[in-house]
Structures are given as structure tokens and as C-alpha cells.
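So the structure is just underneath, and the comments pick up after that.
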Amino acid sequence: MNHILHIPNSVKSFLIEVGELSYFAGRFFKEVFTRPFELKELMRQCYQMGNKSLMLVGVTGFILGLVMTLQTRPTLLEFGAGSWMPSMVGISIVREIGPVIIALICAGRISSGIGAELGSMRVTEQIDAMEVSGTNPFKYLVVTRIMAATLMIPLLIIYGDAIALLGSALIEYLKGDVSFLLFFNSVFDALEYSDINPAIVKSIFFGFAIGLVGCFKGYNCKRGTVGVGEASNSAVVFTSMLLFVIDFIAVFVTDIFYN
């Protein structure tokens, strides 16, 4: 007697969506190397994602440095390890906490924004009009946004890490009488290439994931204006989950090659 394996509908829809996302990513890699190269639109998207996110990333990074130092300092002082504070905070922020937190913040702003923008263009038939007129909407709308996110997210993470270290240095200066010069000297003495290189590499993958999922959700938006909200919301949720998966893979691979 044959036994039929029943797969829940939620699992089916998830697997179908993963397959469609993989096809979408494959189409991106095909289109990104073909002419014409929309450099003007790429620069505009870099400005929209990078320059207009500086305030949000800066405030987030500064508060991250403040909170982390305030929470950790009393514990280290109990064990007489207050001098380890700069190196511990520096390694923690640069290697793990900074990239993940700032990527999640950027996912909330950039990925949802892309999903809502492209979703609105889809439901108002602007993308269909571009296809009818003979232009390539995927090249103009999707490729430029994914490339801009891939380029800008690592720069935003580096900027956010620097602001977070500045916030940590401010707490150490006010509470521990540690000068800014001594703090940053201790941080840079503790940091190694094995801390910086993996963080930069996974930041590039973070940016690619943020741009890819946002464009995928918006470009394939359905159900009218209701679908625009769903595309924006699901872009943030799916991107956040994907960021944690990428972070786990990056930590696992780093542990193999650097330890």
C-alpha cells in the first residue's frame, strides 16, 4: 500500500518562495553584467540608502556603545578587569554586535522601503508600462537597488561601529577617567585581521540580502494596495530571518578558518 507524504501548506509555500527567490537572485546575476549599466540610477539609490540612513545608524550605534559599556563595566570591575573594557567592547562591536544590529536597523528602513516602493509601482502598473515601452524594468529597478544596498550597507556598518566605539569611549572617559586616545589605542591594539575581515565580508552579504529580499517582495507584489503593505512587512521579516542565517554561517566558517 502506497503511503503519500502530506506536506503542510505553510511548508509548501515557504519552499516555493525560497525557490522563486533563488530564481530571482539568478536573474540578478545574469542582468548585472549586461549592458546598459544604469550608473545614474545606481548613484541615486546609493544616496537614498546611504546618506539618508546616516542619522538613524549614527544614533543607533551611539546608543549601542553607551548601553553596552554601562551594562558590562560593573561586572568587569567586580573582577578587577576594568582595563580590559576597551578591548572587550571593541572586539564585540566590530566582530558581531555592530554588524548584526545595524543590519537589522537597515533592514527595517531600506528593505521595507524598497518593498513598498516597488510594490506601489507594480500595483499601479508602472512596471508593466515600462515593459510595454521596451525598457527593462528589472535592470533599472532591481539591479540598481540590490547593488546599492550591497555597496552601502558595509559602509554604514563601519560608520555605525565607529560611532558605537565613540559612545563607549565617552562612558569610559566620564566614569573611568580613561582618555579617548588611550581608549582607542587599546581597541586597535586588541583588534586583529581575523576580527575585521569576517565582519566586512558578512556585511557585504547582509547588504545583498537586504536589497534582494526587498526587491523580490516588491517586484512580485500582488493583491492591489493591500499587497503593498504585505510586501513591505514580509520584506522586513524575511530579511531579518535571512540575516541571522547568514550570520550563523559566517561565524561557523570563521571558526573553521581562523581557529
Side-chain angles (χ1 to χ4, degrees), residues 49-111 149 151-207 209-210 236 239-240 243-244 246-255 258-259:
M49 297 180 189
N51 184 68
K52 294 194 174 182
S53 300
L54 289 177
M55 179 62 70
L56 176 62
V57 171
V59 172
T60 302
F62 189 71
I63 295 176
L64 175 64
L66 294 178
V67 171
M68 187 171 179
T69 306
L70 287 172
Q71 291 285 352
T72 309
R73 193 170 185 278
T75 304
L76 290 181
L77 290 178
E78 285 184 12
F79 294 94
S83 60
W84 290 8
M85 189 70 205
S87 58
M88 192 216 69
V89 171
I91 293 174
S92 300
I93 289 176
V94 171
R95 190 167 188 172
E96 183 63 27
I97 298 177
V100 173
I101 297 298
I102 294 170
L104 289 172
I105 295 296
C106 291
R109 182 195 179 278
I110 295 174
S111 188
L151 294 172
M152 289 295 106
I153 298 301
L155 297 179
L156 289 172
I157 288 176
I158 293 172
Y159 167 74
D161 289 348
I163 299 297
L165 292 176
L166 183 62
S168 178
L170 179 62
I171 295 297
E172 283 293 286
Y173 175 75
L174 295 176
K175 285 184 167 288
D177 294 328
V178 177
S179 67
F180 285 89
L181 181 61
L182 177 59
F183 180 90
F184 283 102
N185 282 338
S186 300
V187 169
F188 291 124
D189 286 342
L191 287 174
E192 299 178 356
Y193 285 111
S194 60
D195 300 316
I196 299 173
N197 289 342
I200 294 176
V201 171
K202 73 180 178 181
S203 298
I204 296 173
F205 284 98
F206 285 167
I210 289 171
V236 177
T239 303
S240 300
L243 290 179
F244 285 115
I246 294 172
D247 185 56
F248 168 74
I249 295 173
V251 171
F252 185 78
V253 172
T254 302
D255 184 66
Y258 286 97
N259 292 325

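The structure displayed is predicted, hence computed values, not measured ones.
Atoms CD1 and OG, from Ile153 and Ser111 in turn, are 9.5 Å apart once rounded to the nearest 0.5 Å. Interatomic distance, Ile63 CD1 to Ile163 CD1, rounded to the nearest 0.5 Å: 12.0 Å. If you take CG on Leu191 and CD1 on Ile93, they are separated by 10.0 Å, rounding to the nearest 0.5 Å. Here the CG-CG distance, from Leu104 to Asp247, works out to 9.0 Å after rounding to the nearest 0.5 Å. For the atom pair Ser194 OG and Asp255 CG, the distance stands at 11.5 Å (nearest 0.5 Å). Rounded to the nearest 0.5 Å, atoms CG (Leu181) and CG (Asn185) are 4.5 Å apart.
Residue pairs satisfying the side chain to side chain donor-acceptor pair (under 3.5 Å) criterion with at least one member in residues 54-66, sequence neighbours excluded, are absent. Residue pairs meeting the ring-ring contact (aromatic ring centres under 6.0 Å, His included) criterion with at least one partner in residues 163-186, sequence neighbours excluded, are Tyr173-Phe180.
By the side-chain hydrogen bond (donor to acceptor under 3.5 Å, both in side chains) test, Ser203 is found to be paired with no residue, residues two or more places apart in sequence or in another chain being considered. Scored by the side-chain contact (heavy atoms from CB on, under 4.5 Å) test, Ala107 finds Ile210, Thr239, Leu243 as partners (sequence neighbours excluded). Under the side-chain contact (heavy atoms from CB on, under 4.5 Å) criterion, Asn197 pairs with Tyr193, Tyr258, not counting sequence neighbours.
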Quiz: residues 72-81 side-chain donor-acceptor pairs under 3.5 angstrom, not counting sequence neighbours:
unit_1, atom_1, unit_2, atom_2, d
Thr72, OG1, Met68, O, 2.7
Arg73, NE, Glu172, OE2, 3.0
Arg73, NH2, Lys175, O, 3.2

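At distances below 3.5 Å, at least one donor-acceptor pair connects side-chain atoms of Ser87 with backbone N or O atoms of Trp84.
The two residues Val100 and Phe244 make their nearest non-hydrogen contact at CG1-CE2, 4.2 Å. Nearest heavy atoms, Ile171 versus Leu66: CG1-CD2, 3.4 Å. Between Val57 and Cys106, the shortest heavy-atom contact is CG2-SG, 4.1 Å. Here the shortest heavy-atom pairing between Met152 and Gly50 reads SD-CA, 3.9 Å. When all heavy atoms are compared, the tightest approach of Tyr159 to Leu54 is CE2-O, 3.3 Å. The shortest non-hydrogen separation linking Gly98 to Asp161 is CA-OD1, 3.3 Å.
Residues Leu151 and Met49 have side chains not in contact (no heavy-atom distance under 4.5 Å, counting atoms from C-beta outward).
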Evaluation steps, side-chain contact (heavy atoms from CB on, under 4.5 Å), between Leu170 and Phe62: CA-CA 10 Å; Leu170 179 62; Phe62 189 71; 3.8 Å; yes
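Under the 4.0 Å criterion applied to side-chain N and carboxylate O atoms, Glu192 and Arg95 are not assigned as salt-bridge partners.
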